[in-house]
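Presented below is the structure to which this report refers.
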Amino acid sequence: MNSGVMVLIENIGIIAFAISGAVVAAKKDMDIFGINLLALVTATGGGLIRDIIIDNIPPAMFVNPAYTIITLITANLAFIVMRYKKPMPKAVTPFYDTLIFWLDTLGLAAFTVDGSFTGITSPYGDNLFLVAFLGIVTGIGGGMIRDVLADDIPAVLTKHVYAIACIAGSIVLVLLWKYTASELISSLAGFFTIVIIRFLAMHFKWNLPTINQ
């Protein structure tokens, strides 16, 4: 996706995912290298997995280092803030949490769409299952790597309907692409499917069932 809006949203997502990785690392009492590493894998890990699957070598993160640079700048700013910050006022916390939620949601949607279209424009574009999978892994892969490195159960397996939104958006995109061949229609539909499902899950506190619930 080359539109200015999509690039902006992807950059917002990179920043949100980088902050997410930095925060997880800080909670695990990692040093500044660990904070940078977890921020980097969270923001770029999904795209790296995607490119390896379709043999897009070297992966895009190495061909265009802009996302890596943005991630590392964000991670170090987050380190400074977390190291020297005063306790956040309780009144501010809900607004901060809401902001992170929306940044994360927009980033997830943008990465899923971008990953799907990377698959569509690859030599394997006629394999719709692979295309949908590439969208999903681009959206959630980085967070899973982050949690494994942090010795946690991946949040994608326990956090609301995060992965389900990603899967649904990717499937909608692929089906519309197949039957309309319209990049605009399929990308917007996939993008907003993810955003709407995430919003509804947050608003109604949806969670997938577990053994004990």
Side-chain angles (χ1 to χ4, degrees), residues 10 12-53 59 61 67-68 70-83 85 87-88 90 93-94 96-112 115 133-170 194-195 197-199 201-202 204-213:
E10 286 176 345
I12 290 173
I14 283 282
I15 292 171
F17 289 162
I19 293 172
S20 170
V23 169
V24 169
K27 288 180 178 178
K28 293 291 184 175
D29 200 29
M30 295 184 185
D31 61 19
I32 190 170
F33 177 79
I35 286 175
N36 276 271
L37 179 61
L38 256 65
L40 186 61
V41 299
T42 306
T44 65
L48 178 63
I49 297 171
R50 174 201 66 210
D51 289 342
I52 291 173
I53 290 173
M61 66 172 290
Y67 288 163
T68 299
I70 292 171
T71 297
L72 295 179
I73 291 173
T74 302
N76 284 283
L77 289 175
F79 173 82
I80 293 170
V81 170
M82 288 185 291
R83 182 173 173 84
K85 73 175 179 67
M88 182 181 297
K90 291 184 178 180
T93 301
Y96 173 80
D97 292 341
T98 300
L99 175 63
I100 293 298
F101 169 84
W102 281 112
L103 290 175
D104 189 47
T105 296
L106 291 175
L108 175 68
F111 288 167
T112 302
F133 179 79
L134 292 174
I136 295 164
V137 78
T138 305
I140 68 176
M144 296 187 72
I145 298 173
R146 173 202 65 204
D147 293 338
V148 169
L149 291 177
D151 196 27
D152 287 331
I153 296 175
V156 69
L157 303 179
T158 60
K159 183 181 179 183
H160 301 300
V161 291
Y162 193 88
I164 295 300
C166 184
I167 293 169
S170 189
I194 295 171
V195 172
I197 292 176
R198 285 279 288 153
F199 169 75
M202 180 269 294
F204 293 107
K205 302 186 185 304
W206 288 345
N207 283 290
L208 295 177
T210 67
I211 294 298
N212 297 317
Q213 292 182 341

Checklist line | Step-by-step side-chain contact (heavy atoms from CB on, under 4.5 Å) determination, Y162 to D104 | finding: CA-CA 10 Å; Y162 193 88; D104 189 47; 3.0 Å; yes
Notebook entry, point to check: So I140 and F111, side-chain contact (heavy atoms from CB on, under 4.5 Å) or not? Walk me through it.
Noted result: CA-CA 9 Å; I140 68 176; F111 288 167; over 6 Å; no
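A75 and I35 get closest at one heavy-atom pair: O-CG2, 4.0 Å. Across all non-hydrogen atoms, the minimal contact from F17 to T42 is O-CG2, 3.2 Å. P154 and D147 make their closest contact through CA-OD2, 3.3 Å (heavy atoms, listed as atom of the first residue, atom of the second, distance). Closest of all the heavy-atom pairs between A18 and A39 is O-CB, 3.4 Å. The minimum heavy-atom distance between V161 and I197, with the atom names listed, is CG2-CG2, 4.1 Å. The heavy-atom pair separating I194 from A109 by the smallest distance is CD1-CA, 3.8 Å.
Atom CE in M202 sits 6.5 Å away from atom OG1 in T98 (nearest 0.5 Å). Between the CG atom in N36 and the CG atom in D31 there is a gap of 9.5 Å [rounded to 0.5 Å]. Atom CG of N76 sits about 4.5 Å away from atom CD1 of I32, to the nearest 0.5 Å. Note that CZ of F133 and CD1 of I49 are 8.0 Å apart. Values are rounded to the nearest 0.5 Å. Taking OG1 of T44 as the reference point, atom CD1 of I70 lies at 12.0 Å (rounded to 0.5 Å). Rounded to the nearest 0.5 Å, atoms CD1 (I19) and OG1 (T71) are 10.5 Å apart.
Counting only distance, with no hydrogens or angles, the side chain of T112 and the backbone of L108 share a donor-acceptor pair below 3.5 Å. At distances below 3.5 Å, at least one donor-acceptor pair connects side-chain atoms of T138 with backbone N or O atoms of L134.
With salt bridges taken as basic N to acidic carboxylate O contacts below 4.0 Å, one links D152 and K28.
V23 places a side-chain heavy atom less than 4.5 Å from the side chain of M82.
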